[in-house]
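First comes the structure, then the notes that go with it.
All heavy atoms count here, side chains included; hydrogens, waters and symmetry mates do not. Lettering of chains follows the sequences in order, A, B, ..., and the numbering in each one begins at 1.
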Number of protein chains: 2
Amino acid sequence: MNIQNIELDNVKTQMRRGTLEYCILLILSREDAYAPQILGELKNADMIVVEGTLYPLLARLKNQGLLSYRWQESPQGPPRKYYCLTDLGHEALQVLDRSWEEMVEQINTIRKSRN
Amino acid sequence: MNIQNIELDNVKTQMRRGTLEYCILLILSREDAYAPQILGELKNADMIVVEGTLYPLLARLKNQGLLSYRWQESPQGPPRKYYCLTDLGHEALQVLDRSWEEMVEQINTIRKSRN
DNA sequence: ATTTAATACCTTGCAACGCCAAGTAGTATA
DNA sequence: TATACTACTTGGCGTTGCAAGGTATTAAAT
């Protein structure tokens with residue numbers, strides 16, 4: 001890997017920025033989940049996210065009132081914090097759905113006008 | 001506009017992050033352009049970007065060797081800095097093209113698995 | 001009883017980036 | 001000379017992803 005690729009990896013990181021919150025809400029709209037489970041689902045979609053990114057993000061979403069959580073015992077190991085969407089979270093998800101579609105449209109507008 | 005919407009505006013800002021460099025390269029792959037012209041094209045695609053964002057970004061891309069520029073006199077006002085893609089810039093654009101498509105696929109994977 | 005391993009949650013410090021606001025400078029018109 | 005318009009530049013701020021390290025619970029192994 002040369003220097004140029006390293007720089008572009010950074011761009012890819014930046015590209016994901018903002019879409020992460022959206023992805024979390026999407027995943028939780030399907031079913032309640034705890035952090036390692038969410039990490040697994042993101043990995044399944046080839047979106048690599050690490051713990052140190054996810055936990056503060058979940059805390060932010062909770063503080064914004066978009067998520068709540070409940071403790072639930074694990075069959076093995078410490079109890080798990082299962083997050084779920086609040087009503088506000090569902091509303092926010094709809095807004096972000098639209099934002100995502102808009103951004104895809106905008107980029108496509110620019111892409112298609114290329115010669 | 002309530003507080004919740006303000007928070008989500010921030011998310012939209014973050015969502016654009018990283019895609020901006022990609023958009024600049026896309027625009028410049030079509031024709032050389034100077035800053036206010038680029039701002040206009042972004043605005044046409046409903047992507048609002050301000051000067052204070054664009055100029056440092058152009059400087060970064062130039063320092064990375066993806067862009068070069070030439071001064072050109074203006075019919076009115078000060079001379080203009082016309083940016084154009086370098087060979088490296090064209091290569092980077094291809095990489096970012098693929099990155100963009102990958103990200104769209106990844107998000108769609110998560111979107112479609114929703115019940 | 002103590003150690004080890006596995007699981008889960010959280011925090012700190014750093015660097016990158018978009019944005020706001022203000023500043024600098026060239027050109028033309030009044 | 002003053003004003004207006006255009007174009008480029010910069011400093012500080014807030015947000016965020018990440019690497020690295022820490023804490024806590026549980027069960028199995030020693």
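- From the 5' end on, the contacts that DNA chain D makes with chain A at under 4.0 Å to a non-hydrogen atom open and close at dT15(D) to dT26(D).
- In this structure, CZ of Arg16(A) is placed 16 Å from C1' of dC17(C), rounded to the nearest angstrom.
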Does the side-chain contact (heavy atoms from CB on, under 4.5 Å) test come out yes or no for Ile107(A) and Cys23(B), once each step is laid out? CA-CA 7 Å; Ile107(A) 304 279; Cys23(B) 288; 3.5 Å; yes
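- Under the rule for a side chain to side chain contact (heavy atoms under 4.5 Å, CB included), the partners of Val104(A) that lie at least two apart in sequence or sit in another chain are Trp100(A), Asn108(A), Trp100(B).
- In terms of position along DNA chain D, the nucleotide closest to Ile48(A) lies nearer the 5' end than the nucleotide closest to the other residue of the pair Ile48(A) and Glu73(A).
- Screening residues 76-95 of chain B for salt bridge (Lys or Arg N to Asp or Glu O under 4.0 Å), with sequence neighbours left out, gives no hits.
- Atom CE of Met15(A) and atom C1' of dA16(C) are 16 Å apart (whole Å).
- Of the residues in residues 52-63 of chain B, those with a non-hydrogen atom less than 4.0 angstrom from any atom of DNA chain D are Gly52(B), Tyr55(B), Pro56(B).
- In this view, Gln72(A) and Arg70(A) satisfy the side chain to side chain donor-acceptor pair (under 3.5 Å) rule, not counting sequence neighbours.
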Side-chain donor-acceptor pairs of residues 37-48 of chain B under 3.5 Å, sequence neighbours excluded:
from     : atom 1 : to       : atom 2 : distance (Å)
Gln37(B) : OE1    : Tyr34(B) : N      : 3.4
Glu41(B) : OE1    : Arg30(B) : NH2    : 2.0

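- At whole-Å resolution of the value, OH in Tyr34(A) and C1' in dC10(C) are 17 Å apart.
- Here Glu51(B) lies in heavy-atom contact (under 4.0 Å) with a base.
- With rounding to whole Å, Leu20(B) atom CG is found 11 Å from dC19(C) atom C1'.
- As a whole-Å value, the separation of Trp71(B) CH2 from dG26(C) P is 10 Å.
- For the segment residues 74-81 of chain A, residues with any heavy atom less than 4.0 angstrom from an atom of DNA chain C are, sorted by number, Pro78(A), Pro79(A), Arg80(A), Lys81(A).
- Side chain to side chain, Tyr69(A) and Asp32(A) fail the donor-acceptor criterion of an N or O pair below 3.5 Å.
- Residue pairs meeting the salt bridge (Lys or Arg N to Asp or Glu O under 4.0 Å) criterion with at least one partner in residues 58-67 of chain B, sequence neighbours excluded, are Glu21(B)-Arg60(B).
- Closest approach to the Val50(B) side chain among dC17(C), dC10(C), dC19(C) is made by dC19(C) (side chain taken as heavy atoms from C-beta onward).
- Take Gln94(A) and apply the side chain to side chain donor-acceptor pair (under 3.5 Å) test, not counting sequence neighbours, and it matches no residue.
- Evaluation of the side chain to side chain donor-acceptor pair (under 3.5 Å) rule for Gln76(A) yields no partner, not counting sequence neighbours.
- With sequence neighbours excluded, no residue satisfies side chain to side chain donor-acceptor pair (under 3.5 Å) with Arg16(A).
- For Glu73(A), there are no side chain to side chain contact (heavy atoms under 4.5 Å, CB included) partners two or more places apart in sequence or in a different chain.
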